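One structure below.
Treat the numbers as computed from the prediction; the structure is a model and nothing was measured. The chains referred to below are lettered A, B, ... by the order of the sequence lines, with proteins before strands, and numbering in each begins at 1.
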Protein chains: 2
Amino acid sequence: MPMLMLKDLPRYECLLEGARQNPDLDPSACEAFLTLLRTGDEVFGVVERRLSEHNLSQGRFSVLMLLWKVCARAPESGCATPARPPTPAELAEAAGVTRATMTGLVDTLERDGLVRREPDPNDRRMMWVQLTPKGEALIKEMLPLHFRMMACLMQPLSETERKTMVKLLNKVLEQASGQRAPAQPN
Amino acid sequence: MPMLMLKDLPRYECLLEGARQNPDLDPSACEAFLTLLRTGDEVFGVVERRLSEHNLSQGRFSVLMLLWKVCARAPESGCATPARPPTPAELAEAAGVTRATMTGLVDTLERDGLVRREPDPNDRRMMWVQLTPKGEALIKEMLPLHFRMMACLMQPLSETERKTMVKLLNKVLEQASGQRAPAQPN
DNA sequence: CAATTGTAGTTAGCCACCTGACTATAAGCC
DNA sequence: GGCTTATAGTCAGGTGGCTAACTACAATTG
């Protein structure tokens, strides 16, 4: 549960009351906003708790996933097979964290024997990161559990409702991404 | 951006491909799950970035909000007015963090002169936490900006879509809360 | 070829989250 | 009244985010 989020969402009447005092408060927007963050936080918490039983966190798990996808890439999957293992910078980019953060993640994963660093023979600035057998065994063990957890969490929604939620969330996602970088002139 | 979340969500075809190899993978559940976390992360990031321009974070802002709600509670708002300022433990409970975390938050807020600690005269274990005038001024300045940001983020959704999203998210929220504490016998 | 510029990885230092242990105090119960 | 138990706040130590600065190396360019 990484972010501090109000545990009890305000009742809608309180939002309406607040809107009467503050013209900037849009009750339905506020409700949607708070519910989104609250739900994301709660779901994230469930995931973290499950992962922590296997000594993992979201971050560590994501790195293992990224590494596993590379080495497990079947030829028929249609995805391009990279010529070499990924570098910390590539992992950071894919995971959406800074290179400094990735250094720390790979440090602890390496300390726990799940991952191995190896210098790139062609560019001495770079490192390659690879799963160890132990890391591969762990991710293979975890994946089915992780998938079942996703299914369990989304079980109250019908197929149609899932599609609807994804559609609505994507609208918000796009808006939020635009907020972050209003223009990418390149 | 507190949580590490894959930046590029997998395409749906890849999920279908994965499901063929792993019977536990439910493609629509997986898509909904990833989109939910990704969107929550992105929205959270927008908020953090805005708040950081005023030297705040989600956590610091939430504490100020909680303190402000107490002292700004108008009699006609219908909410019960507490007899005294909140304690760190109450703030932690309301914000959904541990008491230890709240100690740290109040530490930095007090260091920055936004908040004041005062011993409870009736129970020497407890402290009262209150906004300073500086803290109150800051939250009053921030709130309209914060409300406008919520409205902006939710602007792509119609009123109906917001209601729908809240309804669907609440189903997931309830499921996730149940996951966390399967039974509360009390 | 030498100097500049850019890139990869790390380090240091900050913040906010956690757990677990500790201290002081209050409350309940012989 | 004196144990025991419970509660409030804090501290210690760990993790995972961040930025900014540094080192080593590669690439570009005059």
Self-check item: Axis deviation across the helix from dC1(C)-dG30(D) to dC30(C)-dG1(D), five-pair ends, to the nearest 10°
Solution: 0°

Practice problem: Return no unless some side-chain N or O of S57(B) is found under 4.0 Å from OP1 or OP2 of dA16(C). | Solution: yes

Quiz item: Hey, is the side chain of R60(A) poking within less than 4.0 Å of OP1 or OP2 on dG17(D), counting only N and O atoms?
Solution: no

Quiz prompt | Nearest-angstrom distance from the residue atom CG of N122(B) to C1' of dA8(D) | solution = 15 Å

Exercise. Ignoring hydrogens and angles, tell me if any N or O in the side chain of E110(B) forms a donor-acceptor pair with the backbone of R117(B) under 3.5 Å.
Key: yes

Quiz prompt | Basic-acidic side-chain contact under 4.0 Å: D26(A), R162(B) | solution = yes

Quiz item: Hey, does the side chain of T108(A) come within less than 4.0 Å of dG16(D)'s phosphate (OP1/OP2), counting only N and O?
Solution: yes

Exercise. Would you please confirm or rule out a distance under 4.0 Å between OP1 or OP2 of dC17(C) and any side-chain N or O of T98(B)?
Key: no

Extract from the structure each pairing of a protein N or O with an N or O of nucleotides 2-4 of chain D at less than 3.5 Å, listing the distance.
none

Quiz item: Any Lys/Arg nitrogen of E159(A) or K163(A) sitting under 4.0 Å from an Asp/Glu carboxylate oxygen of the other?
Solution: no

Practice problem: Write down the distance between CZ (F61(B)) and C1' (dA16(C)), rounded to a whole number of angstrom. | Solution: 17 Å

Practice problem: Could you state whether V166(B) and L169(B) fall into the same hydrophobic cluster, counting links through intermediate Ile, Leu, Val, Met, Phe, Trp or Tyr residues with side-chain heavy atoms under 4.5 angstrom apart? | Solution: no

Exercise. Please state how far atom CD in E48(B) lies from atom C1' in dC15(C), giving the value in whole angstrom units.
Key: 10 Å

Practice problem: Report yes or no: do L34(A) and M149(B) belong to one cluster of Ile/Leu/Val/Met/Phe/Trp/Tyr joined by side chain heavy-atom distances under 4.5 Å? | Solution: yes

Quiz item: Do any N or O atoms from the side chain of D112(A) and from the backbone of L114(A) form a donor-acceptor pair under 3.5 angstrom?
Solution: no

Quiz item: L105(B) CG to dT10(D) C1': how many Å, rounded?
Solution: 14 Å

Quiz item: Looking at residues at least two apart in the chain, or sitting in another chain, which of them share a side chain to side chain contact (heavy atoms under 4.5 Å, CB included) with Q155(B)?
Solution: Q175(A)

Quiz item: How long is the line joining CG of L109(B) and P of dC15(C), in whole Å?
Solution: 11 Å

Quiz item: For N55(B) and dC15(C), what is the distance between atoms CG and P respectively, to the nearest whole Å?
Solution: 10 Å

Quiz item: Reading nucleotides 5-12 of chain C 5' to 3', which nucleotides get B (base under 4.0 Å from a protein heavy atom), which S (sugar-phosphate only), which -?
Solution: -BBBBBB-

Quiz item: Roughly, in whole Å, what's the span from CG in L64(A) to P in dG16(D)?
Solution: 11 Å

Quiz item: Quick one: do R49(A) and E53(A) make a salt bridge, cutoff under 4.0 Å?
Solution: no

Quiz item: Of all residues at least two apart in sequence or in a different chain, which pass the ring pair (Phe, Tyr, Trp, His ring centres under 6.0 Å) check with F61(B)?
Solution: H146(B)

Quiz item: To the nearest angstrom, how far is R111(B) atom CZ from dC15(C) atom C1'?
Solution: 9 Å

Quiz prompt | Contacts of type side chain to side chain contact (heavy atoms under 4.5 Å, CB included), residue E174(A), not counting sequence neighbours | solution = none

